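Structure, as structure tokens:
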Amino acid sequence: MPPRPVDISLIISSRNRAYGLLNCLDAIAIAARQASHLRLELVFVDNGSSDDTSNVFSKWAASAPIDTNLIYETLPGLANARNTGIAAATGRILAFTDDDCEVFPDYFTAIEAVFANDTEIVMRGGRVELGDARDLPVTIKTELEPAVLTSELHAGGFIHGCNMAFPKALCETIGLFDPLFGAGSQFRSGEDTDYIHRASNAGIRVEYFPDLVVKHFHGRRKIEDIHRLHAGYAFGNGALYAKYMFDRRSNMRGMLRWDIRQAFKELIGGRKMSEEMGLTYRRQLRDNITGMLAYWRSAMRSAAPAAIRR
């Protein structure tokens, strides 16, 4: 008798987080025990760690209430690690969270419920709560109402890569994550924004589902940390604006125009992005433009050898 198919594969990529990994893994164990009727697997991608990350995972996995698969990916970058995890995953539904997150106890049953009656491919993401009250309120999404991504909305932040799920069939439709984007990559961030945007462009419905919840323990408590974070996000978004600048199906040009308008309004006395954290639309636009130029320079460098070969 063939083995029962895997219902949900949870993919986590990790790099040098041995010190805090057990909190993430223990939360997964609790959620797996509450979903014992499902066949689950955890695909854990060690993305070139130089600490004890893999050993911590292996010791935990020895008694885990979920099937586990430890994979090594030496190519740096979150997109590379996620692509390796996708290749190894066997579940019908692929779910993603980060190694500094803790899933809620009903995480797997919530995924089961929201995907149960689909007749077509749908991408979904859920709520991201602040895990530690000492951390600044960033990289979270706490809206309590469901929502659907439309062409008037920016894909960035509509759903977060640390709480995202979709059928594996989506990868056959739009491909894998772009390794130029994401933490540890050339353009620092935006691999989830790019993937969400590509899905939406392909006519895939993208939904925010607040009952699917994780807690994010990001550890950023200084304003300088937030400025660096937002600079990286804006740089990555700028690279995405450049990537889709000449794609007529894309709404990225509209998002860039919105950023320009906000920066201009701020310049003539309008509100800043965040007075409390000292974030400005003008600085965001500067980093957008820097990212756009970096993307185009990279594209030209890549095109030059091909032209020589021809």
Side-chain angles (χ1 to χ4, degrees), residues 9 11-15 43 45 47-48 71 73-89 94-98 121 123-125 139 149 151 153-204 206 229 231-256 287-306:
S9 297
I11 299 171
I12 297 179
S13 60
S14 187
R15 179 179 172 87
V43 179
V45 184
N47 194 200
I71 306 291
E73 175 52 74
T74 57
L75 283 174
L78 181 55
N80 283 318
R82 284 184 165 163
N83 289 342
T84 298
I86 289 170
L94 306 182
F96 298 82
T97 192
D98 289 344
I121 297 171
M123 170 187 275
R124 293 184 173 94
T139 63
L149 182 63
S151 60
L153 300 174
H154 199 308
F158 181 77
I159 59 177
H160 289 210
C162 67
N163 191 6
M164 177 172 64
F166 47 77
K168 192 171 185 180
L170 176 63
C171 306
E172 300 166 8
T173 302
I174 67 170
L176 298 174
F177 288 90
D178 187 339
L180 292 176
F181 294 90
S185 74
Q186 182 176 352
F187 298 117
R188 306 182 197 171
S189 65
E191 89 296 335
D192 50 355
T193 300
D194 179 65
Y195 208 66
I196 295 160
H197 181 71
R198 282 160 53 198
S200 182
N201 261 11
I204 303 297
V206 180
L229 177 71
Y233 285 163
F235 182 82
N237 277 339
L240 287 173
Y241 293 156
K243 177 178 179 178
Y244 293 103
M245 182 61 68
F246 306 107
D247 183 348
R248 292 186 177 182
R249 300 172 304 163
S250 172
N251 69 340
M252 283 289 180
R253 282 178 294 183
M255 298 302 105
L256 174 59
D287 292 327
N288 287 158
I289 293 170
T290 303
M292 292 172 67
L293 293 174
Y295 185 89
W296 281 325
R297 281 196 300 268
S298 176
M300 285 188 291
R301 285 196 298 268
S302 298

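Quantities reported herein were computed from a predicted structural model and do not represent experimental measurements. Atom set for the values below is all heavy atoms of this structure, side chains included, hydrogens, waters and symmetry mates excluded.
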Quiz prompt | Distance, nearest 0.5 Å, that separates CD1 of Ile174 from CG of Asn201 | solution = 9.5 Å
Self-check item: Aromatic ring pairing Tyr295/Phe187, orientation class (parallel under 30°, perpendicular over 60°, tilted between)
Solution: tilted
Quiz item: What residues form a salt bridge (Lys or Arg N to Asp or Glu O under 4.0 Å) with Arg297, not counting sequence neighbours?
Solution: none
Quiz item: So which heavy atom on Ile204 is nearest to which on Ile121, and how close?
Solution: CG2-O, 3.7 Å
Quiz item: Listed by chain and number, what are the salt bridge (Lys or Arg N to Asp or Glu O under 4.0 Å) partners of Arg198, not counting sequence neighbours?
Solution: Asp194
Quiz item: Would the Tyr195 and Phe166 ring centres measure less than 6.0 Å apart?
Solution: yes
Quiz item: Is the side chain of His160 donor-acceptor paired with the backbone N or O of Cys162 at a distance under 3.5 Å, no angle test?
Solution: no
Exercise. Scan for salt bridge (Lys or Arg N to Asp or Glu O under 4.0 Å) pairs involving residues 162-173, sequence neighbours excluded, and state none if there are none.
Key: none
Quiz prompt | Any donor-acceptor N/O pair, Arg15 side chain to Gly48 backbone, under 3.5 Å | solution = yes
Quiz prompt | Minimal non-hydrogen separation, Phe181 against Gly236, with atom names | solution = CE2-O, 3.8 Å
Quiz item: Backbone N or O of Asn163 within a donor-acceptor pair of the Thr97 side chain at under 3.5 Å?
Solution: no
Exercise. Side-chain contact test, heavy atoms from C-beta onward, threshold under 4.5 Å: evaluate it for Leu240 versus Met252 and give yes or no.
Key: yes
Quiz item: Are Asn251 and Ser200 close enough, and set up right, to give a side chain to side chain contact (heavy atoms under 4.5 Å, CB included), and what steps lead you there?
Solution: CA-CA 10 Å; Asn251 69 340; Ser200 182; over 6 Å; no
Quiz item: Side chains of Glu73 and Asn83: does their closest heavy-atom pair fall under 4.5 Å?
Solution: no
Exercise. Evaluate the side chain to side chain contact (heavy atoms under 4.5 Å, CB included) criterion for residues Met255 and Asn237: first the C-alpha distance (whole Å), next the side-chain angles of each, then the deciding distance (0.1 Å), finally the verdict.
Key: CA-CA 10 Å; Met255 298 302 105; Asn237 277 339; over 6 Å; no
Quiz item: At their closest point, which heavy atom of Ala79 faces which heavy atom of Phe177, and how far apart are they?
Solution: CB-CB, 3.8 Å
Exercise. Over all heavy atoms of both residues, which pair between Ser185 and Leu180 is shortest? Give the atoms and the distance, please.
Key: OG-O, 3.0 Å
Quiz item: Asp98: what forms a salt bridge (Lys or Arg N to Asp or Glu O under 4.0 Å) with it, not counting sequence neighbours?
Solution: Arg82
Quiz item: If you measure from CE on Met164 to CG on Leu94, what distance do you get to the nearest 0.5 Å?
Solution: 9.5 Å
Self-check item: Evaluation steps, side chain to side chain donor-acceptor pair (under 3.5 Å), between Gln186 and Ser298
Solution: CA-CA 9 Å; Gln186 182 176 352; Ser298 176; 3.1 Å; yes
Quiz item: Considering residues at least two apart in sequence or located in another chain, which fulfil the side-chain contact (heavy atoms from CB on, under 4.5 Å) criterion with Thr139?
Solution: His216, His218, Arg220, Leu229, Tyr233
Exercise. Carefully, step by step, assess Met123 and Leu149 under the rule side chain to side chain contact (heavy atoms under 4.5 Å, CB included).
Key: CA-CA 10 Å; Met123 170 187 275; Leu149 182 63; over 6 Å; no
Self-check item: Residues forming a side-chain hydrogen bond (donor to acceptor under 3.5 Å, both in side chains) with Thr193, sequence neighbours excluded
Solution: none
Quiz item: Between Asn288 and Ala234, what is the shortest heavy-atom contact and its length?
Solution: ND2-O, 2.8 Å
Practice problem: Kindly give the heavy-atom pair with the smallest separation between Ala199 and Leu170, and that separation in Å. | Solution: CB-CD1, 4.4 Å
Quiz item: How many angstroms lie between CG in Asn47 and CD1 in Ile71, if you round to the nearest 0.5 Å?
Solution: 12.5 Å
Quiz prompt | Under 3.5 Å donor-acceptor, Ser13 side chain and Leu78 backbone | solution = no
